[in-house]
2 protein chains.
Amino acid sequence: MAKDRKIDLVILGLLAHEDLTGYDIKKYIDGSIRFFWKGSFGSIYPALSDMEMQGLVKRKKSDNSGGREKIAYHLTKKGEDALKAWLKEEKVSNELKYETLLKLYFGGVEDRSVTIRNIELFEENIKQNLEILKVYKSNLEKVLDEEDHLYYYLTVTFGIDTYEAYLKWCTKSKKLLKK
Amino acid sequence: MAKDRKIDLVILGLLAHEDLTGYDIKKYIDGSIRFFWKGSFGSIYPALSDMEMQGLVKRKKSDNSGGREKIAYHLTKKGEDALKAWLKEEKVSNELKYETLLKLYFGGVEDRSVTIRNIELFEENIKQNLEILKVYKSNLEKVLDEEDHLYYYLTVTFGIDTYEAYLKWCTKSKKLLKK
DNA sequence: TTTTGATATATCGTTTTGATACATAATGCC
DNA sequence: GGCATTATGTATCAAAACGATATATCAAAA
């Protein structure tokens with residue numbers, strides 16, 4: 001695995017469950033994973049090529065039932081080992097760029113109304129995402145007997161708990177700013 | 001302001017309060033701002049040069065009281081306008097790369113004990129940061145009469161509320177995984 | 001029939017990261 | 001006093017990521 005390429009981890013993790021194309025990987029990232037990670041084609045495709053050369057993933061025979069090219073990748077034993085090694089790495093590295101908080105921090109250069117509006121926009125955004133997560137949660141609760149679903153469930157409850165804390169903060173903060 | 005350069009926003013915001021060198025800006029980013037943003041010298045210095053050419057910031061006479069070069073920057077009217085325009089932009093764009101959640105999501109490829117350990121590591125990390133934020137909070141409460149401090153206070157309470165929700169989730173999730 | 005939208009790979013310029021280089025000033029300590 | 005370490009400060013570089021766009025096929029709707 002490349003020393004400093006984080007996208008590899010997403011790719012390895014996703015391929016552990018099923019063979020996927022670069023496009024499939026992007027869809028997963030834009031789906032449930034988007035709540036805590038993101039990645040673009042510009043990082044996915046070069047990573048897949050490089051990881052193939054490193055023997056972490058293997059290109060599957062292209063499914064030419066129509067003529068359109070489609071390159072699905074399969075996880076190798078070496079790739080699985082790399083994934084497991086990463087899971088056992090004892091370090092916490094969470095990176096965030098919270099533009100909402102940056103605007104809040106610099107709020108003093110403008111009227112209070114501007115900050116209140118920004119909190120409202122954030123609140124709306126969080127409410128929408130919270131609804132989506134709640135649907136995920138109730139769907140997962142029905143299939144919790146399968147081990148993998150337990151992990152998905154935990155990420156979803158993490159999101160729900162966090163978003164609910166955000167919303168409480170929004171209410172409280174708007175009140176304080178309006179005083 | 002450059003179309004897609006986010007670091008500009010941090011620089012504009014910080015310079016709104018006082019004149020700073022690139023090194024000073026880095027110190028702020030590694031200080032209180034690190035809880036919701038980050039940035040390296042490799043982005044700060046080139047951005048400062050470029051922003052000077054755009055007339056957003058102005059280089060101050062270097063303070064040669066010792067011989068060592070030191071380039072402090074001052075916010076121009078144009079820079080202040082750019083900052084205010086950004087604050088009023090009605091869009092929410094918060095990016096995060098939560099490695100802890102990625103590991104959790106892919107936890108199924110390893111023993112439960114690995115995920116439990118990862119939650120513990122996350123928990124320790126959050127507890128440490130929470131202590132720091134609580135000190136910030138009690139210091140800010142003494143000086144809340146000044147408008148700017150209110151905004152810093154709000155970012156701090158955001159962090160505290162979020163971190164406390166994280167910790168509750170950690171306790172709950174570890175219990176669930178140990179069942 | 002056409003055009004929209006989904007599927008699919010790939011590349012490009014710009015930005016960011018993380019590390020390092022280089023140099024001076026201040027501080028700690030034996 | 002001498003010596004090492006830490007803090008201050010600017011700057012650059014390779015690697016990585018972003019966001020947009022190009023190209024092309026196919027299905028479905030208008």
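Numbers restart at 1 for each chain; the letters A, B, ... are given by sequence-line order, proteins then strands. Since the model is a prediction, treat every value here as computed from it, not as a measurement.
- When the nearest nucleotides of DNA chain D are assigned to B:Lys6 and B:Tyr73 by heavy-atom distance, the more 5′-ward of the two goes with B:Tyr73.
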Do A:Ile11 and A:Leu56 pass the side chain to side chain contact (heavy atoms under 4.5 Å, CB included) test, and can you show the C-alpha distance, the side-chain angles, and the key distance before you say yes or no?
-> CA-CA 10 Å; A:Ile11 294 173; A:Leu56 297 165; over 6 Å; no
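- Partners of B:Lys84 under the side chain to side chain donor-acceptor pair (under 3.5 Å) rule, at least two apart in sequence or in another chain, are B:Glu80.
- If you measure from atom CG of B:Asp50 to atom P of C:dT14, you get 11 Å, rounded to the nearest angstrom.
- If you check residues 31-45 of chain A against DNA chain C, the residues with a heavy atom closer than 4.0 Å are A:Phe41, A:Gly42, A:Tyr45, listed by number.
- Residues forming a side-chain contact (heavy atoms from CB on, under 4.5 Å) with B:Gln128 (at least two apart in sequence, or on another chain): none.
- Rounded to a whole Å, the CG atom of B:Asp8 is 18 Å from the P atom of D:dC18.
- The aromatic rings of B:Trp169 and B:Phe122 stand perpendicular to each other, their planes meeting at an angle above 60°, with 30° marking the opposite boundary.
- For the helix from C:dT1-D:dA30 to C:dC30-D:dG1, the terminal axes (five pairs an end, C1' atoms, rotation from four pairs onto the next four) enclose an angle of 30°, given to 10 degrees.
- Every residue two or more places apart in sequence or in another chain that forms a side-chain contact (heavy atoms from CB on, under 4.5 Å) with B:Thr76 is listed here: B:Lys58, B:Lys78.
- Applying the side-chain contact (heavy atoms from CB on, under 4.5 Å) criterion to A:Arg34, with sequence neighbours excluded, gives A:Asn129, A:Ile132.
- Atom NZ in A:Lys60 sits about 13 Å away from atom P in C:dA8, given to the nearest Å.
- Note: A:Tyr163 and A:Phe35 have tilted aromatic rings, judged against thresholds of 30 and 60 degrees for the angle between ring planes.
- Residues forming a side-chain contact (heavy atoms from CB on, under 4.5 Å) with A:Ser43 (at least two apart in sequence, or on another chain): A:Ile7, A:Ser40.
- A distance below 6.0 Å separates the ring centres of A:Phe158 and B:Tyr166.
- Rounded to whole angstrom, the span from the CD1 atom of B:Ile7 across to the C1' atom of D:dA17 amounts to 16 Å.
- One can place CG of B:Asp4 at 14 Å from C1' of D:dT21, the figure rounded to the nearest angstrom.
- For DNA chain C, the neighbouring residues in residues 92-103 of chain A, judged by any heavy atom under 4.0 Å, are A:Glu95, A:Lys97.
- The distance between atom CD of A:Gln54 and atom C1' of D:dA16, rounded to the nearest whole Å, is 14 Å.
- In this structure B:Lys179 satisfies the salt bridge (charged side-chain N to carboxylate O under 4.0 Å, His left out) test with no other residue, sequence neighbours excluded.
- Defined by atom type and a distance below 3.5 Å, a donor-acceptor pair is missing between the side-chain atoms of A:Thr115 and A:Asn118.
- By the side chain to side chain donor-acceptor pair (under 3.5 Å) test, B:His74 is found to be paired with B:Asp19, residues two or more places apart in sequence or in another chain being considered.
- Distance A:Arg5 CZ to D:dA14 P: 18 Å, rounded to the nearest Å.
- A distance below 6.0 Å separates the ring centres of A:Tyr105 and B:Phe36.
- The distance between atom NZ of B:Lys70 and atom P of C:dA26, rounded to the nearest whole Å, is 11 Å.
- For DNA chain C, the residues of residues 14-30 of chain A within the heavy-atom distance limit of 4.0 Å (strictly under) are A:Thr21, A:Gly22, A:Tyr23, A:Asp24, A:Lys27, sorted by number.
- Under the rule for a side chain to side chain donor-acceptor pair (under 3.5 Å), A:Tyr73 has no partner lying at least two apart in sequence or in another chain.
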